[in-house]
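Note sheet for the following structure.
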Amino acid sequence: MTGRIALLTGGGLLALAASIATAVTIGPADISTADVWASVAARLGAGETTLAPLRDGIVWDLRMPRTLLAAVCGAGLALCGAVMQSLLRNPLADPFVLGVSSGASTGAVAVVVLGVGGGAVSLSAGAFLGALLSFGLVLGLSHSLGGSTDRVVLSGVAAMQLFSALTSFVVLTSADAETTRGVLFWLLGSLAGAGWSEVALCTAVLAAVLAVCLGHARTLDAFAFGEEAAASLGVRVARARLVLLCATALLTAALVSSAGAIGFVGLVLPHATRALTGAGHARLLPVTALAGAVFLVWVDTAARTVLDPQEVPVGVVTSLIGVPAFVAVLYRGRRTA
């Protein structure tokens, strides 16, 4: 198993590097893989670029940050999905079960449509604050109800419905047609506005949360046997649940504020990788993150090129792929049950 995990991790890293290098070349402008490496090497101080300024700008300022943000978002959503499914002992749990996505949508709509912040707050900042507000509501409500796993899930569902209703109300009553279209495109997931600042922020949060989750890998293994069994094994259940919920909510909030709500990545990928790695989270989490990164890089590439020059929201493509994939996972689970 150790050799298999090393092979999966190494293969995942190679696949991710090759996917990023290839995805950056795909688009209306004729860019080769050699052009990509030349631009990257020049930016890293390993020589002078031979590309024209326009082509260098396409590689470094447009396609590269978008592709890297897709990889980070895919890795983060898949990681959060794996943690949430184990922590809540619910195979249908995903990063948005805590209402973070709905809260982010409300925050974004409040900034874009209602002008909250008076222009001093960006869409991403509004979405991030809305996500944190929603998570705070879920945390407070579930704690007041006893703090058990099912109460966390039910509180998340309540928050999701509340903020979804608020978002719909604001859009229907205050937005014009053009604003509504722009908001809807963002709500369905879009990496079109990706910049290096978003890449840096999301990468830093992903690295921190991945370290926290790997540090709690044995705790997540213990949660698979139930909270009482975990407590008998010496796990401080309430503290561990709070830390992991906060970590995944923070990462989800950062990702949603930068790219919108991209569904099914955190729901399907953990099931697929668990079949390869087994249930141990020290093995599952890094492989799941790599699988999510590779997956979303190619989904975003398809979203921006299939109907060129029109772009399809990334969340639409992930749902079109994720629904049949999830049905296949369900049937596979039924056969092995």
If I compare all heavy atoms of [X] with all of [Y], which pair ends up nearest, and what's the gap?
X: Q85; Y: P270; answer: OE1-CB, 3.5 Å
X: A247; Y: V209; answer: O-CG2, 3.5 Å
X: T33; Y: T25; answer: N-CG2, 3.5 Å
X: V138; Y: A159; answer: CG2-CB, 3.4 Å
X: A71; Y: I20; answer: CB-CD1, 4.4 Å
X: T149; Y: L88; answer: CG2-O, 3.1 Å

Test item: [X] and [Y] side chains (from C-beta on) under 4.5 Å apart, heavy atoms:
X: S86; Y: H281; result: yes
X: L206; Y: C202; result: no
X: F96; Y: V256; result: yes
X: L98; Y: V152; result: yes
X: T318; Y: F295; result: yes
X: L296; Y: V265; result: yes
X: L69; Y: C73; result: yes
X: V306; Y: V317; result: no

Main-chain N/O of [Y] paired to [X] side chain as donor or acceptor, under 3.5 Å:
X: S39; Y: D35; answer: no
X: S232; Y: A229; answer: yes
X: E198; Y: G195; answer: yes
X: D150; Y: V153; answer: no
X: D56; Y: P53; answer: no

List, by chain and number, the other hydrophobic cluster members for [X], where Ile, Leu, Val, Met, Phe, Trp and Tyr join if side-chain heavy atoms come within less than 4.5 Å, directly or indirectly.
X: L145; value: L141
X: F163; value: L133, L137, L162, L166
X: V212; value: V243

Enumerate the side chain to side chain donor-acceptor pair (under 3.5 Å) contacts for [range], please, sequence neighbours excluded, ordered by first and then second residue.
range: residues 125-147; answer: none
range: residues 6-21; answer: S19-W298
range: residues 152-168; answer: S102-S164, T106-T167

Can you list the residues that meet the salt bridge (Lys or Arg N to Asp or Glu O under 4.0 Å) rule with R241, with sequence neighbours excluded?
->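 Partners of R241 under the salt bridge (Lys or Arg N to Asp or Glu O under 4.0 Å) test: E227.
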
Sequence-distant partners of R66, salt bridge (Lys or Arg N to Asp or Glu O under 4.0 Å), two or more places apart =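 Salt bridge (Lys or Arg N to Asp or Glu O under 4.0 Å) check on R66 returns D300, E311.
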
Listed by chain and number, what are the ring-ring contact (aromatic ring centres under 6.0 Å, His included) partners of W60, not counting sequence neighbours?
->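 ring-ring contact (aromatic ring centres under 6.0 Å, His included) check on W60 returns W196.
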
Report, one line per pair, each donor and acceptor closer than 3.5 Å where one atom sits in a side chain of residues 74-84; sequence neighbours left out.
none

Residues L285, L220; criterion side chain to side chain contact (heavy atoms under 4.5 Å, CB included); working and verdict = CA-CA 11 Å; L285 297 182; L220 288 168; 4.2 Å; yes

Look at atom CZ of R55 and say whether more than 12 heavy atoms of other residues, nucleotides or ligands are closer to it than 6.0 Å.
->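 More than 12 heavy atoms, drawn from other residues, nucleotides or ligands, come within 6.0 Å of this atom.
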
Spacing of L184 atom CG and S190 atom OG [to the nearest 0.5 Å] =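 Nearest 0.5 Å value for the CG-OG distance: 11.0 Å.
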
Inter- and intrachain pairs under ring-ring contact (aromatic ring centres under 6.0 Å, His included), touching residues 16-35, at least two apart =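 Sorted result for residues 16-35: empty, none.
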
Donor-acceptor pairs under 3.5 angstrom involving side-chain atoms of residues 107-129: please list them, not counting sequence neighbours.
residue, atom, partner, partner atom, Å
S122, OG, A125, N, 3.2
S124, OG, S257, O, 3.0

Per the side-chain contact (heavy atoms from CB on, under 4.5 Å) rule, which among L251, T252, V100, T248 passes with P95?
->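 For P95, the side-chain contact (heavy atoms from CB on, under 4.5 Å) check succeeds only for T252.
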
